[in-house]
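Every value quoted in this text rests on a predicted model; they were computed, and no experiment measured them. Each chain gets a letter, A, B and so on, in the order its sequence line appears, and its residues count up from 1.
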Amino acid sequence: MDLSALNQPQREAVLCVDGPLLVLAGAGSGKTRVITHRIVHLLERGAAPGAIVALSFTNKAADEMRERLHKMIGKAADELVLGTFHSVGVRMMRETPEGFGVPKRFGILDQGDQYGLVRTMLRDHGHHGPGAERRYDLGAIVQRISLWKNEFVSPEEAADPRRQESEYDQVAAELYPAYEERLGALGAVDFDDLVCRIAHRLAADAALCAFWRDRFHYLLVDEYQDTNRAQLEVVRRLAGPRENLCVVGDDDQAIYGWRGAKVANILGFDLYFPRARVIKLEQNYRSLPPILACANGVIVNNKGRHDKRLIPQRRGGEPVTVVVAEDGEQEARWVAGKIRKLVVDEARRPEEVAVLYRSAKQAEVIEELLQEHGIAYRILGGQAFYDRKQVKDVLAYMRVLVTPRDDLSVRRALDVPSRGVGSKTLARLDSFAQARGLSLLEAVHRARELPELGARQITALEGFSELVRRGQAIHHSGGSAVGALRSMITACGLRDAVAHDASSAEQASQKWAAVEGLFGGLERFEQRARDRGERPRWSDYFGTLDKEREEEGDQATGKVTLTTLHSAKGLEWPIVFILGCEEGTMPHKRVAAPRISDAIAGDIEEERRLFYVGITRAQDRLFLTRADARVERGQPQKRLPSRFLAELPAAHFTVYEVAKREALTTEALESMADALLARLATPG
DNA sequence: CTTGCTCTAGTTAGG
DNA sequence: CTAGAGCAAG
């Protein structure tokens with residue numbers, strides 16, 4: 001392998017294969033390159049591809065890694081164990097289910113199921129519904145249970161009054177054992193189990209641990225600053241005394257403390273692995289010097305961190321621009337106008353531009369304006385396509401069609417659109433099915449046999465039963481499953497229900513557009529299978545929904561990116577805007593004013609890291625915008641500049657005030673540009 | 001069981 | 001201001 005493209009510390013990180021290694025990889029320091037080269041190096045030294053495990057946090061990151069390796073080593077890349085902690089966890093559990101104490105075919109609860117479970121448990125325990133003196137935030141309860149599991153706090157320990165600081169801790173501790181029991185009864189695990197159960201069992205079962213240690217000889221962990229306690233434990237157990245472990249991360253980019261990540265894992269790496277070697281990658285190839293000066297100037301204000309800084313490898317560059325607008329509207333107009341100038345006048349490609357913000361809602365205004373200006377955009381973060389209610393509903397129908405024994409999906413389909421089948425009827429069907437060992441759908445087909453059901457309910461259930469039979473008839477007679485799905489969806493009136501729920505015609509068509517997008521994805525999948533002369537394997541489709549979205553629906557080319565700061569991590573653009581650099585937004589006000597439902601207190605240093613992550617996304621030009629006032633909850637509010645702006649080194653930024661007059665000038669320019677464009681667009 | 005009114009909260013994400 | 005959730009009436 002050619003190592004000449006690497007700098008000295010990068011080369012060391014690639015070659016240092018014995019013992020534990022911590023690579024502190026600053027933003028833009030060529031981290032991915034180190035990981036891929038290291039893997040290739042291991043292979044060249046004779047490691048079996050299947051013995052190399054590289055763990056990451058998202059499927060997307062894992063796929064990108066595999067893609068890069070594919071280019072370097074070809075087919076051998078397919079044998080590497082590259083995946084998320086969770087996906088590798090599933091893989092291990094499927095292979096040795098008895099070792100991990102799960103049934104051969106265990107189910108995995110998604111967040112919706114999990115919430116549903118906790119909701120009913122709250123009710124059963126009298127904390128919800130009539131007579132309850134308090135309404136609990138479901139998410140806060142679920143989060144606590146999740147955090148406990150990941151920190152190996154047993155239900156008994158959680159119930160210890162000494163560790164209960166709020167009412168929420170009490171209620172969560174009360175439900176925790178019942179929740180675990182219920183999971184067991186369902187033969188299912190939740191996402192947390194995919195990691196913490198692995199940790200538990202590897203610790204408790206020496207033979208099992210030996211088996212997996214023998215399989216996985218070389219461990220790599222990416223984004224190590226995001227690992228939690230359970231993930232650390234999995235890594236330790238798998239590494240064993242051999243400690244052939246390389247972790248890569250950046251404590252300055254730790255922004256997931258609120259979901260249980262422990263910066264201590266990376267800060268105290270040498271405590272857990274005393275033999276550890278530490279290599280710092282500080283040379284930054286991404287950004288121009290003023291941007292890095294700002295990044296360094298901000299991040300040095302944090303206390304608990306590894307001492308390091310970003311050293312520019314590029315030259316030149318303009319100072320960072322701090323843009324001050326009078327209000328949120330003006331801020332948005334200025335940004336959108338600037339983007340248009342960049343794209344129209346300076347011929348920058350839209351994909352070179354990104355707009356970053358703290359919370360997903362901030363995208364709306366920009367979105368609108370970009371639409372007005374006819375500039376294409378894509379939105380990262382926020383609610384994922386497959387999490388949207390309409391999409392989930394239609395997907396439930398699809399599952400009823402192709403995997404009719406999937407009770408959860410039957411339940412969901414039965415519920416939407418409303419057809420007069422509520423919780424009572426469902427409970428009766430459930431016990432009927434349970435008693436005879438039937439699936440829920442079979443019980444629905446035999447609704448007539450249930451004497452306790454009302455005539456209305458029976459009619460409704462028979463309607464549903466008929467709907468499904470027709471769909472299945474089309475599907476099984478060799479017709480298109482998606483065609484069958486379409487006819488079911490049309491017949492059941494889901495579209496009307498969506499229209500009815502929406503608050504405007506525009507919103508209705510937006511929501512339905514998501515459904516059409518899903519149909520499109522399903523059709524392409526079906527078509528591809530046909531092209532190969534096979535029957536579509538829907539279980540594969542359901543298993544790779546996210547990838548489908550990435551490949552089909554989310555092409556970045558020709559589009560400006562709008563994203564939350566969190567989702568921006570790991571990405572980069574030539575031109576970056578960061579909106580709302582104000583107290584209350586960044587740092588977010590909830591950090592200063594926590595709630596009793598907050599399981600983890602906010603952390604000002606984490607907010608600073610988030611800002612730092614934003615800054616370091618920019619390659620060439622960076623605009624930090626803020627408004628002096630903003631409409632909040634319908635009322636205008638005065639806003640103060642973010643304290644982080646005061647940390648920028650004076651020599652490396654300039655302030656640009658969007659005065660009223662200039663805003664007018666901007667608009668005047670815009671309308672001139674419009675006129676010009678219109679003339680250009682008209683032939684002759 | 002569904003509908004419509006009232007109340008409340010309003011960060012960040014992923015498997 | 002607005003979306004989602006809970007509650008009381010049809």
Planes under 30° and centres closer than 5.5 Å, is that true for A:W258 with the base of B:dT12?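 A:W258 ring centre within cut-off of B:dT12 base, planes near parallel; stacks.
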Does [X] put a side-chain nitrogen or oxygen below 4.0 Å from OP1 or OP2 of [N]?
X      : N      : value
A:S359 : B:dG10 : no
A:S567 : B:dA13 : yes
A:R259 : B:dG15 : no
A:R590 : B:dG10 : yes
A:N59  : B:dG14 : no

A:T84 has a side chain; which of C:dC1, B:dG15, B:dT12 sits nearest to it? B:dG15
What is the separation between atom [atom1] on [X] and atom [atom2] on [N], rounded to the nearest whole Å?
X      : N      : atom1 : atom2 : value
A:F191 : B:dG14 : CZ    : P     : 12 Å
A:D226 : B:dG15 : CG    : C1'   : 13 Å
A:M586 : B:dT12 : CE    : P     : 14 Å
A:L147 : B:dG15 : CG    : P     : 18 Å
A:K361 : B:dT12 : NZ    : C1'   : 13 Å
A:L380 : B:dA13 : CG    : C1'   : 13 Å
A:N150 : B:dG14 : CG    : P     : 17 Å
A:D137 : C:dA5  : CG    : C1'   : 12 Å

With distance as the sole criterion, is a donor-acceptor pair present between the side chains of A:E367 and A:Y377 under 3.5 Å? yes
Between A:Q114 and A:Y179, is any side-chain donor less than 3.5 angstrom from a side-chain acceptor? yes
If each of A:Q457 and A:I600 is mapped to the nucleotide of DNA chain B with the nearest heavy atom, which maps nearer the 5' terminus, i.e. the 5' end?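 That would be A:Q457.
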Considering heavy-atom distances to DNA chain B, does A:T425 or A:E606 have its closest nucleotide positioned more toward the 5' end?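 The residue whose closest nucleotide sits nearer the 5' end is A:T425.
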Under 4.0 angstrom, heavy atoms only, what part of the nucleic acid is [X] near: base, sugar-phosphate, or nothing?
X      : value
A:R419 : sugar-phosphate
A:Q111 : base
A:Y256 : sugar-phosphate
A:D192 : base

Which whole number of Å gives the distance between the C1' atom of B:dA13 and that of C:dT2?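 Looking at atom C1' only, B:dA13 and C:dT2 are 23 Å apart.
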Test item: A:L429 and A:V444 side chains (from C-beta on) under 4.5 Å apart, heavy atoms: yes
Six-ring centre of A:F106, A:R94 cation under 6.0 angstrom, axis tolerance 45°: yes
Ion pair check, A:D628 and A:R630, cut-off under 4.0 Å: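 A salt bridge is absent here (no side-chain N lies under 4.0 Å from a carboxylate O).
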Going through the distances and angles, do A:Y256 and A:Q225 end up as a side chain to side chain donor-acceptor pair (under 3.5 Å)? CA-CA 9 Å; A:Y256 286 107; A:Q225 76 281 357; over 6 Å; no
